[in-house]
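Here is the structure we will look at, set down as structure tokens.
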Amino acid sequence: MTKAFMNESKSTTDQVRVRFAPSPTGYLHLGGARTALYNWLLAKKTGGVFILRIEDTDTERSTKESVQEIFDGLTWLGLDWNEGPYFQTDNLAKHVEAAHKLLESGHAYRCFCTKEELEAQRKHAETRKMAFMYDGRCRELTPEQIESKVSQGTPYVIRFRVPRDPSAIVAFNDFVYGRMEKKGQDIEDFVVLRSDGRPLYILSNAVDDALDRITHVIRGADHLANTPKQVLIYRALGIEPPAFAHIPLTLDNKKAKLSKRSHGEVVTVSYYRRKGFLPWALCNFMALLGWSPGDGREFFSPEGMIETFDLSKINRSNSTFNYVPGDARNWTDPKAIHFNSTYIRTLPLHELIPYVKQELVEAGLWRDSFENGDKQWFENTIDLIRARYLTLKDFSTRGRCYFADEFEFDEAAVKKNLGKDPQLAEYLPEMASLIENLQTYDTHTIEEVFRSYSEQKNVKAGLLINAARTAVSGTSVGPGLFEMLETIGKDRVVDRLKSAAHLEPRPNKIVLMPKEEPRPNKMIFDEE
RNA sequence: GUCCCCAUCGUCUAGCCCGGCCUAGGACACCGGCCUUUCACGCCGGCGACAGGGGUUCGAAUCCCCUUGGGGACGCCA
């Protein structure tokens, strides 16, 4: 409408400008993170700009912690933004200005109805199972009536004057849902400015998008129904609306009958960080919740996904996050774990190592020699053990025996592999001595010791192999024994074989997964 | 209650717009087998879906209608 506004909002380039605009009222959860990811992907793909805007106009519910969580989460995921963070509250004056412009141009009007009156009407309609929509009684107040109420100091809100012409329709094209139309008659005269002078989201959000020259609004489908209202605002302000892409919501697994209690953290980004996820593994998983390239590919490098990503390939139907509470192995969607473990197994070693380092540092297992004198050994070891790990946590739990001398013995493994034959108490120290005397200590020579010793004693090699495995690692599973013994090292192997001879089956269970912490949340992930 | 969106294996999905190549493909999970010193990986195989009903058509997962189910919006929340 006004020149100032148009100038500020007019797009000066063809560059794609997208934004992630979360409200800092809770955790950054998977739904929001996926929205951020899609925005980021489009920006990267088009050489555009990705903006972070914190929509903190709900001052009662917004928290500093939540803002920090959003920063941390996006940073961890690798979804770097080019502009911002902007804070919506910084633009309040502009939003108010817009509201007044709407008023002046006749696109909006003052409504003096009180909250109480409206609430009563709403209740009334509800009890009679009627649809409630503001009846527009303040719509046609005469200038004199308005003047009178204003001079009396009667509080008022500013409502948008939605076209009531039966033929009026508001339409927009959505990249995902196609052409969307809504009759003006089905849209309420919505409030854009509160009686205390603060703007509402519907206005602030649209004005900010205009101010930030957003070209594509990619957000959750929960905003689909709001969009016609915002289109109305844009038009009334003389601004060309951005393009829209509403993405389907992610739902909870209903059948699991999740209570709010049993939920919580499993839907937050920070939880996956703590649980040992590789950030890109999470991104890859999230991306496929509602988008697919259509050719069956599922694993993408960031570059590959950027290249392949396409708004038109986003689904229209909601997806379900397949989380079943109480399943220790599948503590989150099994497919998410699949992505993580596959990345751990297949990532170029030099890309994985920094994550492993961080994990070992946190667990107190890191030694600086791992990137100096023992660098080669360390890399070989990681490469050897990573194949069967699901999360980074496994490096410090299941992998502990490779980096420390104190580790736990699995009761069942001890019973099965060390308790199998009492003769082992004799065999193991003897083998330890043989190994101790080896001139060269490598996979080949170690294997020779085992093979010839088993022949000599006329016992199955498997008996000795399994016993040794448990003796040096505490478990019954792991890499090939001879590689394992080589990497663990001669001295340690000798010590462990000797002491294992005296090991008896006793309770000493290993707990691999950290305990589930309590926390809950909503069933649906808001996408913005 | 009103308006809107959606509907393929348990889950994520391909196919749908431009009907026939679909006795519906892939992935995860699950089950079995092979490999093997264990566990994984890998490979082979199995289980498993077009929500229901009408139409249109020579032919429908694909088009139309109805029903059902799920979801969203309907706030001086975002």
Could you encode protein contacts along nucleotides 39-49 of chain B as a string, one character per nucleotide from 5' to 3', using B for base contact, S for sugar-phosphate-only contact and - for no contact, with a heavy-atom cut-off of under 4.0 Å? BBSS-------
Euclidean distance for P, B:rA60 against B:rC17 (whole angstrom): 14 Å
Contact class for A:Arg128 vs. all strands (heavy atom < 4.0 Å): base, sugar-phosphate, or nothing? nothing
Distance only, no hydrogens: is a donor on one side chain within 3.5 Å (strictly under) of an acceptor on the other, for A:Ser476 and A:Asn417? no
Quick one: look up who B:rG69 pairs with, Watson-Crick or G-U, both distances under 3.5 Å, and put none if it's unpaired. B:rC6
Per the side-chain hydrogen bond (donor to acceptor under 3.5 Å, both in side chains) rule, which among A:Glu55, A:Gln88, A:His95, A:His223 passes with A:Asn205? A:Glu55
Any base atoms under 4.0 Å from A:Arg316, or only sugar-phosphate, or nothing? Heavy atoms, all strands. sugar-phosphate
When you compare the side chains of A:Arg219 and A:Thr227, does any donor N or O come within less than 3.5 Å of an acceptor on the partner? yes
B:rA14 to B:rC63 separation - P atoms, rounded to the nearest Å: 14 Å
Listed pairs, N/O of protein and of nucleotides 25-31 of chain B, under 3.5 Å:
from, atom 1, to, atom 2, distance (Å)
B:rA27, O2', A:Glu298, OE1, 2.4
B:rA27, O2', A:Lys335, NZ, 3.2
B:rA27, N3, A:Lys335, NZ, 2.9
B:rC28, O2', A:Lys335, N, 3.4

For A:Phe321 and B:rG71, what is the distance between atoms CZ and P respectively, to the nearest whole Å? 18 Å
Provide, to the nearest angstrom, the distance between the CG atom belonging to A:Asn318 and the P atom belonging to B:rC4. 18 Å
Base-pairing mate for B:rU56 - Watson-Crick or G-U, with both contacts under 3.5 Å: none
When both hydrogen-bonding distances must be under 3.5 Å and the geometry is Watson-Crick or G-U wobble, what is B:rG1 paired with, if anything? B:rC74
Interatomic distance at P, B:rC28 relative to B:rA40, whole Å: 15 Å
Does anything in residues 171-193 of chain A reach RNA chain B, meaning a heavy atom under 4.0 Å, and if so which residues? A:Tyr177, A:Met180, A:Lys182, A:Asp186, A:Glu188, A:Val191
Just name whichever nucleotide pairs with B:rC22, Watson-Crick or G-U, keeping both distances under 3.5 Å, else none. none
Could you tell me how far B:rC30 sits from B:rC39 if I compare only their P atoms? Round to whole Å. 15 Å
Using a heavy-atom cut-off of 4.0 Å across all strands, would you classify A:Leu200 as base, sugar-phosphate, or nothing? sugar-phosphate
Would you say the ring centers of A:Tyr134 and A:Phe190 fall short of 6.0 Å from each other? no
Identify the nucleotide, in any strand shown, that forms a Watson-Crick or G-U wobble pair with B:rU37, with both distances under 3.5 Å; if there is none, say none. none
What is the separation between atom NZ on A:Lys313 and atom P on B:rC17, rounded to the nearest whole Å? 14 Å
Categorize A:Ser195 for me: base, sugar-phosphate, or nothing, with a 4.0 angstrom heavy-atom threshold over every strand shown. base
Base-pairing mate for B:rA27 - Watson-Crick or G-U, with both contacts under 3.5 Å: B:rU11
Compute the ring centroids of A:Phe277 and A:Phe285, then answer whether they are less than 6.0 Å apart. no
Counting the atoms with a prime plus P, OP1 and OP2 as sugar-phosphate, which does A:Thr57 contact under 4.0 Å by heavy atoms, base, sugar-phosphate, or nothing? sugar-phosphate
State whether the aromatic ring of A:His246 stacks on the base of B:rG72, taking stacking to mean ring centres under 5.5 Å apart and ring planes under 30° to each other. no
Would you indicate what A:Lys416 reaches in the nucleic acid, counting non-hydrogen atoms under 4.0 angstrom: base, sugar-phosphate, or nothing? nothing
